[in-house]
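Okay, structure first, notes after.
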Protein chains: 2
Amino acid sequence: MNFEAVTIKDIARELGISASAVSKALKDSYEISEKTKKAVLECAKRLNYRPNPMAQSLKRGNSKSLGIVVSTIDNTFFAQVINGMESVAYSKNYNVIITQTHESYDLEVSNVEHLTVRAIDGLLISLSNETEDLGHLKRLHDKGLPIVFFDRVTDDIETHRVVADNFRGAYEATNSLIEAGYRKIAHITSSPHISITDDRLNGFRLAMSENNIPVNEQFVKYCLHGGRDLNEIEKALTELLCTPDRPDALFTAADRITTTTLMLLHKLGFRIPEDIALLGFTNTGLAEVLNPSLSSVYQPAFEMGKKATEMLISLIESRRPVTEFEKVVLPTEVIIRDSSKPVLIHK
Amino acid sequence: MNFEAVTIKDIARELGISASAVSKALKDSYEISEKTKKAVLECAKRLNYRPNPMAQSLKRGNSKSLGIVVSTIDNTFFAQVINGMESVAYSKNYNVIITQTHESYDLEVSNVEHLTVRAIDGLLISLSNETEDLGHLKRLHDKGLPIVFFDRVTDDIETHRVVADNFRGAYEATNSLIEAGYRKIAHITSSPHISITDDRLNGFRLAMSENNIPVNEQFVKYCLHGGRDLNEIEKALTELLCTPDRPDALFTAADRITTTTLMLLHKLGFRIPEDIALLGFTNTGLAEVLNPSLSSVYQPAFEMGKKATEMLISLIESRRPVTEFEKVVLPTEVIIRDSSKPVLIHK
DNA sequence: TTGTAAGCGTTATCAC
DNA sequence: GTGATAACGCTTACAA
């Protein structure tokens with residue numbers, strides 16, 4: 001760029017040596033004398049030389065950047081995942097390029113396109129709520145683009161996957177509701193298209209059946225937009241709560257759904273847990289503070305980001321084609337909360 | 001990249017013409033015959049040719065990508081700003097690279113470094129809470145890197161700035177509290193280092209003084225971490241509320257501060273607005289739902305992102321050096337809410 | 001209308 | 001130990 005114009009040639013000219021000597025000196029090649037190295041290093045520092053990553057990429061055939069595709073960055077869970085990804089990527093000298101699908105299949109396709117055009121070395125992706133067809137990803141994968149799926153994964157593409165233990169998290173969470181005496185438990189969850197929805201639903205079902213509690217199918221509500229659409233959740237809640245035989249507890253299956261449900265319950269004048277119990281997957285401090293009386297299910301977001309990125313970078317940097325793929329399941333943490341919180345102050 | 005290996009040469013070879021003819025045909029040059037163009041286009045599509053952006057950048061001396069620096073993406077306001085930025089950038093064929101400072105000066109410096117090393121064409125930045133020294137940005141600006149500041153701006157660097165009308169927003173918000181009958185109004189705000197803090201505080205002070213209400217300086221609380229640190233706000237709240245002559249209303253000056261305050265008030269058992277009124281800057285749907293009885297100050301986040309990006313791209317693409325810089329002030333929206341919300345259902 | 005050649009900044013290979 | 005040279009993929013004078 002014009003504003004960062006110091007190149008290897010400038011150093012070469014300055015010292016009266018060749019560009020290739022400078023290049024070698026800068027990477028501490030054994031071919032170059034100590035004296036020259038010292039002079040080059042000094043000069044590079046003095047002129048504030050920075051290698052041009054474009055030129056390096058062009059030469060080396062890689063870009064040292066990773067593409068990230070999430071539904072939205074405005075979500076505590078994904079924000080934490082991205083933080084984990086950044087931490088590993090930066091430590092290994094990779095950059096990340098973040099894109100959002102806003103839960104749209106079309107945007108997912110065009111973002112993936114955008115990223116590969118921009119020449120990424122690998123892709124970290126959590127599928128959008130809408131996505132059913134994986135053609136766009138299969139094609140890239142077949143061409144050799146390393147891909148790691150996280151959170152919302154698919155088994156249709158042979159590669160690494162990192163997920164939280166959604167099944168166990170849902171199972172334990174449901175159990176804790178049952179232990180607390182609740183029986184009429186409703187489950188508000190995401191789109192049926194994505195992998196995690198099934199896992200959580202199955203955990204819920206197992207806990208219920210182990211306790212000989214039949215699942216009322218009217219009490220299972222899907223939210224196609226995953227909590228981003230307030231109306232969708234409002235509708236689900238209305239249907240659940242506007243009946244004489246309404247649930248005595250809600251189990252919400254995603255960060256946004258939990259937060260939104262909490263908001264709506266407050267708005268509707270329901271006290272928690274006196275009027276209705278609420279337990280949900282959440283990575284927002286919010287739910288725990290507003291809802292101190294019950295457990296919540298915390299997803300290992302930062303760890304997930306780290307793990308996925310480590311796996312991706314190892315895929316990228318492995319010399320030979322990888323044939324063994326791993327599905328890593330990280331433990332979900334069910335936080336059992338103590339309802340005896342001190343109330344600090346006089347009103 | 002190895003997985004996307006179709007180059008201009010492949011097309012040239014396929015058609016038995018030269019690479020430069022292909023290049024020209026692809027950009028619809030007048031020099032090339034219609035027949036050749038058609039053949040090239042067909043072949044490019046058939047082979048799924050994608051230009052290598054690295055090579056283009058190297059040649060053209062630009063990267064068609066913009067750097068974004070925000071404190072954190074896990075914040076409704078910044079997430080909305082980024083959405084606005086993406087919408088403009090994509091429409092003009094720019095990519096964005098998002099980085100977070102987590103309110104740390106050191107991270108701000110290293111991110112900016114990272115971005116320029118990665119060769120961005122321009123920088124969109126909202127200063128971190130901690131930043132006082134602007135040397136790192138001044139140096140880049142002097143070298144010719146186009147920069148646009150948004151939200152948390154500085155007057156020390158001669159360039160475009162985009163802000164919300166924080167002064168007016170705070171003024172109107174405070175007025176609405178006063179009109180509602182509150183007199184003992186506390187102000188919880190961000191770090192005193194950043195520009196918006198002063199603007200908001202001044203709006204608050206003007207409204208108070210116009211109504212002949214003295215500002216109790218004990219009622220003005222600064223949060224150096226801008227609401228990210230729960231303890232900081234808890235401390236401020238405790239100090240404010242644990243006195244006999246406590247405030248009857250809180251005016252919070254930032255999205256995260258509003259949300260966190262809301263959480264803590266609930267936790268402490270304060271009802272809003274019966275026990276204490278709360279009015280704040282917020283871009284989260286949350287606050288409005290939980291706090292339906294009062295106004296809230298909505299920042300034009302999406303518009304801010306759009307405007308800042310338009311200005312940056314015009315800076316980048318302007319041929320001659322720009323000497324006239326603009327400070328755009330977007331209107332803040334004070335939403336007066338109706339407390340008569342229907343409560344839907346029987347408990 | 002098309003082809004040739006040089007060059008963007010870097011690096012690898014080979015010669016000196 | 002150091003320097004020429006070619007190459008990465010693309011663009012653009014300029015030559016044909």
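To find a chain, count down the sequence lines: A is the first, B the second, and so on, and within it residues start at 1.
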Could you list, one pair per line, each protein nitrogen or oxygen that sits under 3.5 Å from a nitrogen or oxygen of nucleotides 9-12 of chain D, together with the distance?
residue : atom : partner : partner atom : Å
D/dG9   : N2   : B/A55   : O            : 3.3
D/dC10  : OP1  : B/Y49   : OH           : 2.8
D/dC10  : OP1  : B/N52   : N            : 3.1
D/dC10  : OP2  : B/I8    : N            : 2.7
D/dT11  : OP1  : B/K27   : NZ           : 3.1
D/dT11  : OP1  : B/Q56   : NE2          : 3.0
D/dT11  : OP2  : B/S23   : OG           : 3.2
D/dT11  : O2   : B/K59   : NZ           : 3.1

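- Considering B/V88, B/N93, B/D121 in turn, B/V88 is the only one that fulfils the side-chain contact (heavy atoms from CB on, under 4.5 Å) rule with B/I313.
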Which pairs would a plain distance check flag for residues 146-157 of chain B, meaning a side-chain donor or acceptor within less than 3.5 Å of a matching protein atom at least two apart in sequence or in another chain?
residue : atom : partner : partner atom : Å
B/R152  : NH1  : B/E103  : OE1          : 3.0
B/R152  : NH1  : B/E103  : OE2          : 3.4
B/R152  : NH1  : B/L127  : O            : 3.0
B/R152  : NH2  : B/E103  : OE2          : 3.1
B/T154  : OG1  : B/D156  : N            : 3.0
B/D155  : OD1  : B/R161  : NH1          : 2.9

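- Each end of the helix from C/dT1-D/dA16 to C/dC16-D/dG1 gets its own axis from five base pairs, and the two axes differ in direction by 60°, given to 10 degrees.
- For the residue pair B/Q100/A/N83, the side-chain donor-acceptor check at 3.5 Å is satisfied.
- Of the candidates B/L123, B/I120, B/I316, B/I97, B/I316 is the only one forming a side-chain contact (heavy atoms from CB on, under 4.5 Å) with B/L66.
- Of the N and O atoms on the side chains of B/S23 and B/S20, not one donor lies less than 3.5 Å from an acceptor on the other residue.
- Going from atom NZ of A/K64 over to atom C1' of D/dC8 covers 18 Å, rounded to whole Å.
- In this view, A/H136 and A/Y105 satisfy the ring pair (Phe, Tyr, Trp, His ring centres under 6.0 Å) rule, not counting sequence neighbours.
- Using a 4.5 Å heavy-atom cutoff, the side chains of B/N52 and B/T7 are not in contact.
- Checked against salt bridge (Lys or Arg N to Asp or Glu O under 4.0 Å), B/R46 has the following partners two or more places apart in sequence or in another chain: B/E14, B/E42.
- Looking at A/E31 and A/S29, their side chains do bring a donor and an acceptor atom within 3.5 Å of each other.
- No donor-acceptor contact under 3.5 angstrom links the side chains of A/T101 and A/S104, judged on distance only.
- Of all the residues in residues 30-46 of chain B, B/E31 reach under 4.0 Å from DNA chain D with at least one non-hydrogen atom.
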